[in-house]
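Have a look at the structure below before the remarks.
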Protein chains: 2
Amino acid sequence: MSKKSLPAGLEPPRTLDGQLCFALYSANLAMGKLYRQLLAKLDLTYPQYLVMLVLWEGDGITVSELGERLYLDSATLTPLLKRLQSAGLVQRTRGTRDERQVIVTLTDEGRALRAKAGHVPEEVFCATGCEVDELIRLKRQLETLRSSLIDGNRN
Amino acid sequence: MSKKSLPAGLEPPRTLDGQLCFALYSANLAMGKLYRQLLAKLDLTYPQYLVMLVLWEGDGITVSELGERLYLDSATLTPLLKRLQSAGLVQRTRGTRDERQVIVTLTDEGRALRAKAGHVPEEVFCATGCEVDELIRLKRQLETLRSSLIDGNRN
DNA sequence: CGCAATTGAATCGCTTGCAATTGAATATCG
DNA sequence: CGATATTCAATTGCAAGCGATTCAATTGCG
């Protein structure tokens, strides 16, 4: 539990534009708007797309497991999964071994959507206007930041 | 309008963990949770805190100007500002020169809150566990990314 | 001037995101 | 075995966030 402090004489910024967090917040909003356009053809929202990404990697997992991957809990996932089910993309079935669990499975339609979504990552990459190396570095930094924030929160 | 393409042989990642966007999304969620704790004492949400930051820099601005600073529109800001008004932190008055505009002003209570919020940036800095240089670089990269995404979207 | 186009804010409907609670199934421990 | 604790998902209530629309005020143009 490292307790960091500011280098002497250095003030953390008190203005909007000085804050990392606002850059993070507003970049995320901008990313959300881009995805909204790209995913409109697929009738998916960005969080729904994330769920599909996880399921395409391997379905038949529980709501909890989905939540661990996405850092979301059942209050967010349950309604979202119901919407994906209404759209005919996933199936939700109670587990047989443990009846508390709900197993999420792809339908044929859900599996088929994968092909249609194949072009999305490249379109996003183009919109970033960044070099691959830069994006990889940025990704790693954000993952490190995420870890620190989650650990620190778990005081 | 530079049309970028991938270096030959390099595929954009199709898995969740490979994607920058998810790192951005999940880091932003983690940041939101941290702020929720820090701001609970002040009875502010993070977007409300952002609005207050802008107003502390200089109040008496319109809803549109607030939106330009924060990349938000009136559909988000109007209800948020009404809540800040209910909390006694801001005042909303129709402009005299142009009756379409709504001018947002701090109340004495709103101005007083600034002192209570003074420790927030340092607490956030500590929670990041990062060096100052690193945060500054990260901030700049996110701002560049934000610009590209917004420009690209405005096609 | 007078009317169409534009602009600023508000409103509506929908989807997140989360703290807090609930209810049911399972695990644990005496 | 049986009571208690824990765990999983669902539910509730609230605050964003945004596309689309609406309404009034203003601008612009003939």
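Lettering follows sequence order; numbering is per chain, from 1. Quantities reported herein were computed from a predicted structural model and do not represent experimental measurements.
In this structure, the side chain to side chain contact (heavy atoms under 4.5 Å, CB included) partners of A/Ser74, at least two apart in sequence or on a different chain, are A/Val63, A/Thr78. Here A/Tyr46 pairs with A/Tyr35, B/Tyr25 under the ring-ring contact (aromatic ring centres under 6.0 Å, His included) rule; sequence neighbours left out. Under the rule for a side-chain hydrogen bond (donor to acceptor under 3.5 Å, both in side chains), the partners of A/Glu123 that lie at least two apart in sequence or sit in another chain are A/His119. Legend: residues meeting side chain to side chain contact (heavy atoms under 4.5 Å, CB included) with A/Gln101, ordered by chain and number and at least two apart, are A/Thr62, A/Arg97, A/Asp98. Shown here are the side chain to side chain contact (heavy atoms under 4.5 Å, CB included) partners of B/Ala117, two or more places apart in sequence or in another chain: B/Leu42, B/Tyr49, B/Trp56.
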Could you write nucleotides 15-21 of chain C as a row of B, S and -, 5' to 3', where a protein heavy atom under 4.0 Å of any base atom gives B, of only sugar-phosphate atoms gives S, and otherwise -?
SBBBB--

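Contacts of residues 93-102 of chain A with DNA chain C (heavy atom under 4.0 Å): A/Arg97, A/Asp98, A/Glu99, A/Arg100.
The CD1 atom of B/Ile61 sits 14 Å away from the P atom of C/dG8 (whole-angstrom rounding). If you take CG of B/Leu81 and P of D/dA15, they are 14 Å apart, rounded to a whole angstrom. Here D/dT12 presents its C1' atom at 17 Å from CG of A/Leu77, a figure rounded to the nearest Å. Going from atom CG of B/Leu44 over to atom C1' of D/dA16 covers 14 Å, rounded to whole Å. Straight-line distance from the CG atom of A/Asn28 to the C1' atom of D/dA16: 13 Å, rounded to whole Å. One can place CE of A/Met31 at 14 Å from P of D/dC18, the figure rounded to the nearest angstrom.
Side-chain contact between B/Ile61 and B/Thr105: absent, with no pair of heavy atoms (C-beta onward) separated by less than 4.5 Å.
The neighbour count for B/Lys116 NZ, taken as heavy atoms of other residues, nucleotides or ligands under 6.0 Å away, does not exceed 12.
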Contacts table for residues 86-95 of chain A: side-chain donor-acceptor under 3.5 angstrom, sequence neighbours left out:
unit_1: A/Ser86; atom_1: OG; unit_2: A/Lys82; atom_2: O; d: 2.9
unit_1: A/Arg92; atom_1: NH1; unit_2: A/Gln85; atom_2: OE1; d: 2.9
unit_1: A/Arg94; atom_1: NH1; unit_2: A/Glu99; atom_2: O; d: 3.3
unit_1: A/Arg94; atom_1: NH1; unit_2: A/Arg100; atom_2: O; d: 2.8

